[in-house]
Amino acid sequence: MRIGAMVLTCLATLVMPQVCRAEQIWLSGVDPVVAADRAASSKAAAPAPANDFMELFKPDAPWRTAARSTGIFKISTQFLHRASDAELTAMIAGLRQRHIALAMEAEILTTSPRCGNGVPGYTTAAVIQKAAQRVAQLGGRIDYVAFDEPMTWGHFAQRGAACRYTTEEVVRNIAPNVAMLKTMFPGVRFGDIEPVTDQTATRLDDILAFARLFEQLTGERLSFLHADLIWQNDWRPQLIAWKARLRAAGIAYGVIIDGDPSDKTDVAWTTNAIARYRMLASDPATKPDAFVVQSWQPRPTRLLPEDRQGTLTSVLVQTVAH
């Protein structure tokens, strides 16, 4: 059985990591919609060149080894909302061909006249609903929804248009979107992404309180929590605590594997990502239940082919598929 199949079997039965040892492997790159948004807002003299994201979904795309190791492919809210029907159809067909589940990184918080506009992690209920409807209408299915840092932007953030919600207010804000997604995709699993920063040690209590309230107020479990690391910080003690406490709470623990925004070349970015994967994978105290190989940065500029140094898929070939 290939790695991706093992991952999906473990998740479908909700076997906890103590029993099921196969790590989840997620993959996520910068899609054309997000790339175009960045180019439009950039002050650079010329827009960034288009990447090869859509090439991933062609039947003969050169990432066969990496694809066999990938259980879950994560896409942005923006892509599901604004990509063309042809692009969405190609993605759905390409993932189905490779037996890879679809995850949505959801800007799950809903803006209001009072706050949230222009703050990361927020959108409107209409955007979330349209994104989900488009997937369903084109024959696809959203299997996982990863929240885009709702506690960070809904509760901890204190500046500008931040809403400064209590933890319960965060859950009540996102609950209608959760209910809509569950109705449209009954088997969907929900999880969260939050950054590990110097303040995370004092924030983990609040994040776990969010998980408890999420279940109480929505009737859905928070299945996973993915840590977004600032690798230059002293992250290891915090990850040890995350792993122990999340597992005790019955929540799968994952880590986003990436390079640095300051990396000057694609090879430098992927070299950093590979080293970080190996560092975590070799340390029983921090080894996660999910490795999320992801970039939302300008690098790497290409996702394919998997056998070329410096591409996003080459990270998988040199780590989990090695």
Side-chain angles (χ1 to χ4, degrees), residues 17 23-30 38 74 105 107 109 119-121 146-160 162 164 167 170 191-211 222 224-249 251-300 312 315-316 318-320:
E23 290 83 19
Q24 302 175 23
I25 306 301
W26 295 53
L27 180 65
S28 183
V30 178
R38 291 178 180 176
K74 185 171 64 170
E105 182 162 331
E107 297 177 308
L109 288 161
V119 180
F147 303 151
D148 185 7
E149 304 183 355
M151 283 295 286
T152 294
W153 301 111
H155 176 64
F156 298 126
Q158 296 295 310
R159 297 181 180 179
R164 304 173 182 85
T167 301
V170 170
D192 191 15
I193 307 164
E194 297 291 348
V196 171
T197 69
D198 291 337
Q199 296 85 28
T200 300
T202 59
R203 291 181 174 184
L204 187 53
D205 286 342
D206 288 331
I207 293 170
L208 288 171
F210 166 76
L222 202 67
F224 58 87
L225 181 59
H226 292 167
D228 181 7
L229 301 188
I230 298 175
W231 294 98
Q232 291 74 25
N233 286 355
D234 186 19
W235 49 264
R236 187 174 184 274
Q238 297 179 59
L239 280 194
I240 292 172
W242 276 54
K243 181 170 184 175
R245 296 188 67 187
L246 290 175
R247 283 190 165 186
I251 301 171
Y253 138 78
V255 177
I256 294 174
I257 304 297
D258 58 2
D260 292 328
S262 60
D263 287 330
K264 301 300 184 183
T265 67
D266 290 354
V267 171
W269 192 99
T270 56
T271 298
N272 272 330
I274 291 164
R276 288 159 179 172
Y277 169 90
R278 291 173 176 167
M279 181 167 43
L280 288 175
S282 64
D283 185 348
T286 59
K287 184 178 181 180
D289 307 310
F291 290 98
V292 184
V293 177
Q294 178 172 6
S295 178
W296 52 90
Q297 301 163 5
R299 300 192 183 278
L312 188 63
V315 175
L316 294 177
Q318 296 180 67
T319 53
V320 297

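We number each residue from 1, following the sequence as shown. Quantities reported herein were computed from a predicted structural model and do not represent experimental measurements.
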Just how far is it from atom [atom1] of [X] to atom [atom2] of [Y], taken to the nearest 0.5 Å?
{"X": "I25", "Y": "Y277", "atom1": "CD1", "atom2": "OH", "result": "5.5 Å"}
{"X": "Q238", "Y": "T286", "atom1": "CD", "atom2": "OG1", "result": "12.5 Å"}
{"X": "D283", "Y": "R278", "atom1": "CG", "atom2": "CZ", "result": "16.0 Å"}
{"X": "Q294", "Y": "S28", "atom1": "CD", "atom2": "OG", "result": "4.0 Å"}
{"X": "E194", "Y": "E149", "atom1": "CD", "atom2": "CD", "result": "6.0 Å"}
{"X": "L222", "Y": "L246", "atom1": "CG", "atom2": "CG", "result": "9.0 Å"}

Axial cation check for F156 ring with R203, 6.0 Å and 45° limits: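 Ring-cation test returns yes.
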Close aromatic pair by centroid cut-off 6.0 Å: F224 and W26: yes
Quick check: closest heavy atoms across [X] and [Y], and the distance to 0.1 Å?
{"X": "A162", "Y": "W153", "result": "CB-O, 4.4 Å"}
{"X": "A146", "Y": "I193", "result": "CB-CD1, 3.9 Å"}
{"X": "T152", "Y": "P195", "result": "OG1-CD, 3.0 Å"}
{"X": "A211", "Y": "I251", "result": "CB-CD1, 3.7 Å"}
{"X": "W235", "Y": "M279", "result": "CZ2-CE, 3.7 Å"}
{"X": "P288", "Y": "G254", "result": "CB-CA, 4.0 Å"}

List in chain and number order the residues that pass side chain to side chain contact (heavy atoms under 4.5 Å, CB included) with A275, two or more places apart in sequence or in another chain; answer none if no residue qualifies.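 In terms of side chain to side chain contact (heavy atoms under 4.5 Å, CB included), with neighbours along the sequence ignored, A275 is linked to no residue.
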In short, salt bridge (Lys or Arg N to Asp or Glu O under 4.0 Å) pairs touching residues 251-273 with sequence neighbours left out are D260-R276, D266-R299
Do [X] and [Y] have side-chain heavy atoms sitting under 4.5 Å apart?
{"X": "W242", "Y": "L225", "answer": "yes"}
{"X": "L229", "Y": "V255", "answer": "yes"}
{"X": "I230", "Y": "V196", "answer": "no"}
{"X": "H226", "Y": "D192", "answer": "no"}
{"X": "W296", "Y": "E105", "answer": "no"}

Verify, without hydrogens or angle tests, whether K243 (side chain) and K287 (backbone) share a donor-acceptor contact under 3.5 angstrom. yes
Under the side chain to side chain contact (heavy atoms under 4.5 Å, CB included) rule, what do L280 and I257 come out as? Steps first, then yes or no, please. CA-CA 10 Å; L280 288 175; I257 304 297; 3.7 Å; yes
Please lay out, stage by stage, how F291 and I256 fare under the test side chain to side chain contact (heavy atoms under 4.5 Å, CB included). CA-CA 6 Å; F291 290 98; I256 294 174; over 6 Å; no
Verdict with supporting geometry, T270 and L312, side chain to side chain contact (heavy atoms under 4.5 Å, CB included): CA-CA 7 Å; T270 56; L312 188 63; 6.0 Å; no
For a side chain to side chain contact (heavy atoms under 4.5 Å, CB included) check, start with the C-alpha distance between V320 and E23, then their side-chain angles and the critical distance, and finish with the verdict. CA-CA 9 Å; V320 297; E23 290 83 19; over 6 Å; no
